[in-house]
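Counting begins at 1 with the first residue of the sequence.
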Amino acid sequence: MDWEGLRQRVNSCRACGLRRTAKNVVLGEGSLRATLMLVGEGPGAREDQLGRPFVGAAGELLNRILRAAGFRREEVYITNVVKCRPPGNRLPTSAEVEACRGYLEEQIRLVRPKIIVCLGALATQTLIAPGGSITRLRGQWIEKDGIRYMPTFHPAALLRDEGKKRPVWEDFKKVRDLYRELHTEQLSLEAEWGLKAY
């Protein structure tokens, strides 16, 4: 499946009840060849209104974190576990997560990121550790299927508890360092292959 096929499938999806109450489907945004992907839980009111992920207060905070770590929003790919807003911004149910899981897996297959930051417990449990505790897992690299995952707190949690800002910043510094390391390796490989071509 390509991006257009995925978009059409997600827009026409009725696998759970969320689409009935959502204004827009929020598939994702950013570079389709990103090394770094960020995955949250689901769209909020502002995201539902605009059809874009992380554009409310939590999104503004995420933008500041990304800038501080040296990333431009357009160079990463940002999405959520579920693509339609749960009413009242409640957590998605396990059935809603399962209904959307295939779309998230397809996004990962198409983007082929080397790093995925799981923003919050739901993304962490969906992608790497069913039943796992975000408090216990955050800040640790977990490798799965050739991708390195970094669980950390969701930006919305930082808005409720400023004490979580420092741990999240430490996590993003680790992400930044690995990103730079991978980028340097890629440049070295390209230079090596370029030299061998002559």
Linked, directly or transitively: [X] and [Y] (ILVMFWY side chains, under 4.5 Å):
X   : Y    : value
F54 : L38  : yes
V81 : I147 : yes
I78 : L27  : no
V82 : I128 : yes
V26 : L61  : no

Point to revise | From L62 atom CG to H154 atom NE2, the distance as rounded to the nearest 0.5 Å | key: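 Here the rounded value is 8.5 Å.
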Check your understanding: At what distance, to the nearest 0.5 angstrom, does CD of E106 lie from CG of L6?
Key ->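 Between atom CD of E106 and atom CG of L6 there are 6.0 Å.
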**Study point:** side-chain hydrogen bond (donor to acceptor under 3.5 Å, both in side chains) partners for Q140, two or more places apart
**Key:**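 Not a single residue meets the side-chain hydrogen bond (donor to acceptor under 3.5 Å, both in side chains) criterion with Q140.
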Exercise for review: Please write out which residues are connected to V55 in a hydrophobic cluster, directly or through intermediates, given that two of Ile, Leu, Val, Met, Phe, Trp, Tyr count as joined at side-chain heavy-atom separations below 4.5 angstrom.
Suggested key: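 Members alongside V55: L50.
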Review point. In chain order, what residues pass the salt bridge (Lys or Arg N to Asp or Glu O under 4.0 Å) check against E4, with sequence neighbours excluded?
Key: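 With neighbours one apart ignored, the set is empty.
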Point to revise | Set of salt bridge (Lys or Arg N to Asp or Glu O under 4.0 Å) partners for R14, sequence neighbours left out | key: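 By the salt bridge (Lys or Arg N to Asp or Glu O under 4.0 Å) rule, R14 matches no residue at all.
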Atom pairs and distances, side-chain donor-acceptor, residues 110-125, under 3.5 Å, sequence neighbours left out:
residue : atom : partner : partner atom : Å
T124    : OG1  : G120    : O            : 2.9
Q125    : NE2  : G132    : O            : 2.8

Within-4.5 Å side-chain heavy-atom neighbours: [X] and [Y]:
X    : Y    : answer
I65  : L158 : yes
F172 : L66  : yes
M1   : R9   : yes
N89  : R85  : yes
I134 : P151 : yes

Could you give the side-chain donor-acceptor pairs of residues 94-104 under 3.5 Å, partners two or more places apart or in another chain?
residue : atom : partner : partner atom : Å
E96     : OE1  : R90     : NH1          : 2.9
E96     : OE1  : T93     : N            : 2.8
E96     : OE1  : T93     : OG1          : 3.4
E96     : OE2  : R90     : NH2          : 2.8
E98     : OE1  : R101    : NE           : 3.3
E98     : OE2  : R101    : NE           : 3.0
E98     : OE2  : R101    : NH2          : 2.8
R101    : NH1  : T126    : O            : 2.9

Checking [X] side chain against [Y] main chain: does a donor-acceptor pair fall under 3.5 Å?
X   : Y   : answer
T21 : P86 : no
N80 : K83 : no
N11 : R7  : yes

Exercise for review: Can you run down the side chain to side chain donor-acceptor pair (under 3.5 Å) pairs that involve residues 35-53, sequence neighbours left out, and say none if there aren't any?
Suggested key: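 Only E29-R52, R46-Q49 qualify under side chain to side chain donor-acceptor pair (under 3.5 Å).
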Exercise for review: Output every pair passing salt bridge (Lys or Arg N to Asp or Glu O under 4.0 Å) with a member in residues 55-72, not counting sequence neighbours, ordered by first then second residue.
Suggested key: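 Applying salt bridge (Lys or Arg N to Asp or Glu O under 4.0 Å) to every pair that reaches into residues 55-72, excluding sequence neighbours, yields R72-E74.
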Review point. Under the salt bridge (Lys or Arg N to Asp or Glu O under 4.0 Å) rule, what pairs show up with a residue in residues 136-150, not counting sequence neighbours?
Key: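 Pairs touching residues 136-150 that pass the test: R138-D171.
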Review point. Where do G163 and P167 come nearest, in terms of heavy atoms and distance?
Key: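 Smallest heavy-atom distance, with atoms named: O-CD, 3.3 Å.
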**Study point:** Residues K174, E170: salt bridge by 4.0 Å N-O rule
**Key:**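 Looking at K174 and E170, the cut-off is not met.
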Contacts of [X] that satisfy ring pair (Phe, Tyr, Trp, His ring centres under 6.0 Å) - sequence neighbours left out:
X    : value
W3   : Y77
Y149 : none
Y179 : F71

Exercise for review: Any chance you could lay out the side chain to side chain contact (heavy atoms under 4.5 Å, CB included) test for R109 and E105, step after step, and finish with the verdict?
Suggested key: CA-CA 6 Å; R109 187 189 70 79; E105 290 171 350; over 6 Å; no
Point to revise | Stepwise side chain to side chain contact (heavy atoms under 4.5 Å, CB included) check, F153 with D161 | key: CA-CA 10 Å; F153 296 122; D161 179 1; over 6 Å; no
